[in-house]
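One structure is given below, encoded as structure tokens.
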Amino acid sequence: MKRAPQSSSPSSSPSNPRLALFVLFAGCSSGGPQSILDPAGPQAQQIEDLWWLFFTICTLVYVIVIAFLAVPIWRRHQGHSDSADRPLQITVGVATAATILILFVLAGASYSTGRALSELPTGDALIIRVTGRQWWWEITYPSATPSDTFTTANELHIPVGRAVVLELDSADVIHSFWAPNLTGKRDLIPGRPTSLAFRSDRPGTFRAQCAELCGVQHALMAMPVIADPPEAFEAWLSHQRSSAAQPQTDEQRRGQQIFLSRQCASCHRIQGTSAGATNGPDLTHIASRGTLAAGTLPNTREHLADWIRDPQQIKPGNKMPPVPLATEELDALLAYLLTLR
Ligand code: CUA
């Protein structure tokens with residue numbers, strides 16, 4: 001009996017080997033902003049090398065084991081009788097010795113990678129404090145001059161070619177900082193401050209993702225990590241140190257008034273205004289950031305409007321309540337927030 005022709009093209013058939021391979025390796029794209037296979041610095045390079053070593057050895061072992069399984073089955077099918085016991089004993093002996101040797105090689109490689117990760121020279125490193133919160137990242141750039149210290153959120157800028165040391169802590173539950181293009185994971189444990197040193201050797205925008213289940217919005221706790229060339233980084237730094245832009249038009253002034261008199265100011269800070277709360281992300285330069293709500297949405301006027309109207313719709317369970325505003329109030333608030341570049 002002939003099978004009925006399928007309406008879809010052959011390439012979309014689930015039995016298509018190319019599709020099967022695609023599904024198998026869907027998580028292993030060889031590049032992109034969140035991939036260990038596209039290292040941007042020495043730490044990530046060490047981890048990638050270790051990954052390829054494990055992948056190569058484990059693939060070889062798998063192929064050999066499957067061959068040792070398939071050959072006797074094939075021989076039995078061909079009518080050959082079982083071979084004598086002596087070659088089998090030799091084979092098992094060799095396999096056991098090889099297994100022990102391979103485990104030692106992998107353990108040794110893993111250990112030496114772990115050591116190499118901690119050997120980055122950090123004499124002139126830039127210190128950045130990162131605090132995990134449900135479900136966003138608070139980032140402080142400390143300075144010897146107290147007035148130059150500033151806090152931002154959900155977008156980490158680092159200079160290319162210079163080591164950075166993240167001083168990590170959590171304000172609530174255990175989170176984990178993971179920017180696979182730059183280095184390995186490090187847990188943020190409340191009351192147990194730790195640090196993580198790494199370097200990016202090329203400019204680019206990478207993606208960090210919380211890698212420890214920390215509540216319902218764990219998956220939406222991401223953060224762009226932007227490696228800037230040194231001059232661009234210094235320019236970014238000095239701009240972030242400045243106070244927020246002052247409103248210029250009547251609508252912007254009304255927006256600022258709404259911000260300061262409604263719920264907004266009880267959770268957020270805007271440097272240079274009377275809003276100084278730190279329960280939520282610092283908004284002094286919110287319009288300069290690429291995303292909203294910890295990498296959840298692109299930072300556009302429409303998305304910002306949706307977020308203010310009903311954050312629970314976009315990221316259920318987060319700590320920001322809906323802000324009931326009339327349309328013209330929301331327009332004024334947006335006009336003001338969009339000046340905070
Ligand atoms: Cu924070 Cu998962």
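Position 1 is the first residue of the sequence, and the numbers go up from there. Ligands are counted one by one from 1 in listed order, and the atoms in each one are counted from 1 as well.
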- State whether Asp282 and Arg289 are salt-bridged, where the test is any N-O pair (Lys NZ or Arg NE/NH1/NH2 against Asp/Glu carboxylate O) under 4.0 Å. no
- Aromatic rings Phe198 and Phe177: how do their planes relate, parallel, tilted or perpendicular, breaks at 30° and 60°? parallel
- Note on the structure: Checking distances from atom 2 (Cu) of ligand 1, one finds that the N, O or S atom of Glu212 closest to it is O
- Query: From Ile286 CD1 over to Tyr336 OH, what is the distance, rounded to the nearest 0.5 angstrom?
  - Reply: 12.0 Å
- Message: Checking one value in my table: which N/O/S atom of His218 lies closest to atom 2 (Cu) of ligand 1?
- Response: ND1
- Task: Report yes or no: does Gln134 have an N/O/S atom closer than 2.8 Å to atom 1 (Cu) of ligand 1?
- Result: no
- Assign the ring pair Phe150 / Tyr141 to parallel, tilted or perpendicular, where the plane angle (0 to 90°) is split at 30° and 60°. parallel
- Take atom 1 (Cu) of ligand 1 as the vertex and measure to SD of Met221 and ND1 of His175; round to 10°. 90°
